[in-house]
Amino acid sequence: MIVDRMRNWKRFSLRSVFVLMTACCVFFGIWARYVNPYRMQARSLAEVKRLQGVFAESPAQGTGWQRWLVTTFLGEEAFTRVTYVDLSRRNVNDDALRSLAGLVYVEELKLDFTSITNDGLAALRSMRNLQRLWLRYTAVSDAAASYLETFPRLDTVFLTGTHMTDAAVDRLARLDSISDLHIRWTRISNEGAERLVAAMPNCAVHHHALQP
């Protein structure tokens with residue numbers, strides 16, 4: 001009798017553990033997909049506000065239960081999508097830029113006249129919706145061209161006054177989604193710009209050689 005009870009208890013315990021683990025996996029899966037992006041966005045938006053940046057939001061798209069889930073855990077203001085951020089001329093370095101990785105819904109990002117480098121730009125690969133990127137007069141250089149390839153919807157890039165050279169031309173030419181490329185006053189030569197024009201027939205290449 002005692003042995004049978006122990007066996008039944010073990011079966012019940014193992015079944016309970018399995019059910020509990022399954023429920024936990026489902027919960028964390030839902031959290032990772034539907035809630036965590038908004039949690040990370042809220043953290044990054046707090047950094048934008050600290051840096052006194054300008055931003056714009058739009059109502060998030062989703063079902064009623066998704067809205068309920070996000071607002072229950074994160075608050076009523078959390079179910080929005082930050083689509084525009086302007087941090088031009090703000091005190092933004094690579095560390096600050098890494099803290100913006102949670103802005104996964106942003107479509108336009110302005111970082112003109114900041115102290116960012118290629119290292120900081122690498123942290124923004126989570127911005128899969130990015131369409132317009134402003135990097136005028138920053139310290140980004142040829143290596144940044146490889147990071148630009150990770151933005152599948154990128155349409156317009158401002159690289160005016162950066163440290164780009166002809167070594168970046170081949171990578172820039174691979175940006176099939178680009179329709180507007182600004183490379184004025186970079187170290188890209190007239191010959192390099194002509195190569196870009198030939199390789200990107202559907203892109204408007206804006207170039208003005210940097211005077212020696």
Side-chain angles (χ1 to χ4, degrees), residues 44 47-48 51-56 82-212:
S44 293
E47 180 68 5
V48 172
L51 294 166
Q52 299 182 325
V54 178
F55 64 93
V82 178
T83 57
Y84 170 87
V85 172
D86 185 357
L87 288 166
S88 301
R89 301 181 185 274
R90 303 302 195 273
N91 186 25
V92 181
N93 56 23
D94 287 344
D95 287 336
L97 197 58
R98 292 185 187 100
S99 67
L100 303 183
L103 299 173
V104 295
Y105 304 113
V106 73
E107 297 175 0
E108 183 167 358
L109 179 62
K110 294 186 176 182
L111 297 166
D112 296 339
F113 296 94
T114 59
S115 57
I116 64 169
T117 69
N118 299 332
D119 292 338
L121 192 62
L124 302 184
R125 288 176 287 188
S126 59
M127 297 181 177
R128 308 291 290 175
N129 292 300
L130 191 63
Q131 298 176 30
R132 294 172 293 279
L133 180 60
W134 303 61
L135 299 170
R136 296 184 303 169
Y137 297 98
T138 60
V140 300
S141 58
D142 296 333
S146 62
Y147 301 131
L148 297 178
E149 292 183 88
T150 64
F151 304 123
R153 300 182 62 191
L154 196 60
D155 175 76
T156 303
V157 183
F158 288 83
L159 297 169
T160 305
T162 61
H163 299 168
M164 289 282 179
T165 72
D166 284 355
V169 167
D170 288 341
R171 281 199 173 275
L172 291 173
R174 298 176 191 171
L175 302 176
D176 296 334
S177 63
I178 299 291
S179 66
D180 206 13
L181 178 62
H182 297 255
I183 52 171
R184 293 190 179 102
W185 300 295
T186 62
R187 294 184 173 89
I188 295 177
S189 66
N190 288 329
E191 291 75 17
E194 290 172 1
R195 284 166 53 199
L196 281 172
V197 170
M200 306 173 75
N202 298 320
C203 177
V205 178
H206 307 272
H207 176 258
H208 191 290
L210 184 67
Q211 296 301 317

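Remember, predicted model here, so these are calculated numbers, not experimental data.
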Side chains of S179 and D155, donor plus acceptor under 3.5 Å: yes

Minimum heavy-atom distance A101-S44, with the two atoms named: N-OG, 3.9 Å

Rounded distance [0.5 Å steps], CD1 in I183 versus NE2 in H207: 5.0 Å

Min side-chain heavy-atom separation V140-T117 under 4.5 Å: no

Non-hydrogen side-chain atoms of V92 and I116 separated by less than 4.5 Å: yes

Closest approach of R171 to A145 (non-hydrogen atoms, all atoms of both residues): CB-CB, 3.8 Å

CG (D180) with more than 12 external heavy atoms under 6.0 Å: yes

Salt-bridge contact R187-D166 (side-chain N to carboxylate O under 4.0 Å): no

Nearest-0.5 Å distance, CG of residue L159 to CG of residue L172: 6.5 Å

H206 side chain near F158 side chain, heavy-atom distance below 4.5 Å: no

Worked check of side-chain contact (heavy atoms from CB on, under 4.5 Å) between W134 and E108: CA-CA 8 Å; W134 303 61; E108 183 167 358; 3.2 Å; yes

Spatial distance of atom OG1 (T83) from atom CD (Q131) [nearest 0.5 Å]: 9.5 Å

Close side-chain approach of R132 to L109, heavy-atom, < 4.5 Å: no

Side chain to side chain, L103 and V85, heavy atoms closer than 4.5 Å: yes

Distance-minimising heavy-atom pair for R98 and D95: NH1-OD1, 2.7 Å

Whether over 12 other heavy atoms sit under 6.0 Å from R174 CZ: yes

Spatial distance of atom CZ (R125) from atom CG (L121) [nearest 0.5 Å]: 9.5 Å

Student check: side-chain heavy atoms of L130 and L124 closer than 4.5 Å: no

Atom pair CZ/CZ of R128 and F151 - distance to nearest 0.5 Å: 9.0 Å

Flag side-chain contact, heavy atom, 4.5 Å: T138 against F113: no

Shortest non-hydrogen separation from M200 to A173 and the atoms involved: SD-CA, 3.8 Å

Atom pair CE/CG of M164 and D142 - distance to nearest 0.5 Å: 6.5 Å

Evaluation steps, side-chain contact (heavy atoms from CB on, under 4.5 Å), between T156 and L181: CA-CA 6 Å; T156 303; L181 178 62; over 6 Å; no

D86 (side chain) donor-acceptor with G53 (main chain) under 3.5 angstrom: no

Shortest non-hydrogen separation from V106 to Y84 and the atoms involved: CG2-N, 4.0 Å

Evaluation steps, side-chain hydrogen bond (donor to acceptor under 3.5 Å, both in side chains), between N118 and S141: CA-CA 7 Å; N118 299 332; S141 58; 2.8 Å; yes

Considering all heavy atoms, the nearest N93-A96 contact: OD1-N, 2.9 Å

Pair T114-N91, side-chain contact (heavy atoms from CB on, under 4.5 Å): steps then yes or no: CA-CA 7 Å; T114 59; N91 186 25; over 6 Å; no

4.5 Å side-chain heavy-atom contact, E47 and L100: yes

Among L51, V54, L97, the one residue meeting side-chain contact (heavy atoms from CB on, under 4.5 Å) with L87: L51

Donor-acceptor contact below 3.5 Å, side chain S177 vs main chain L154: yes

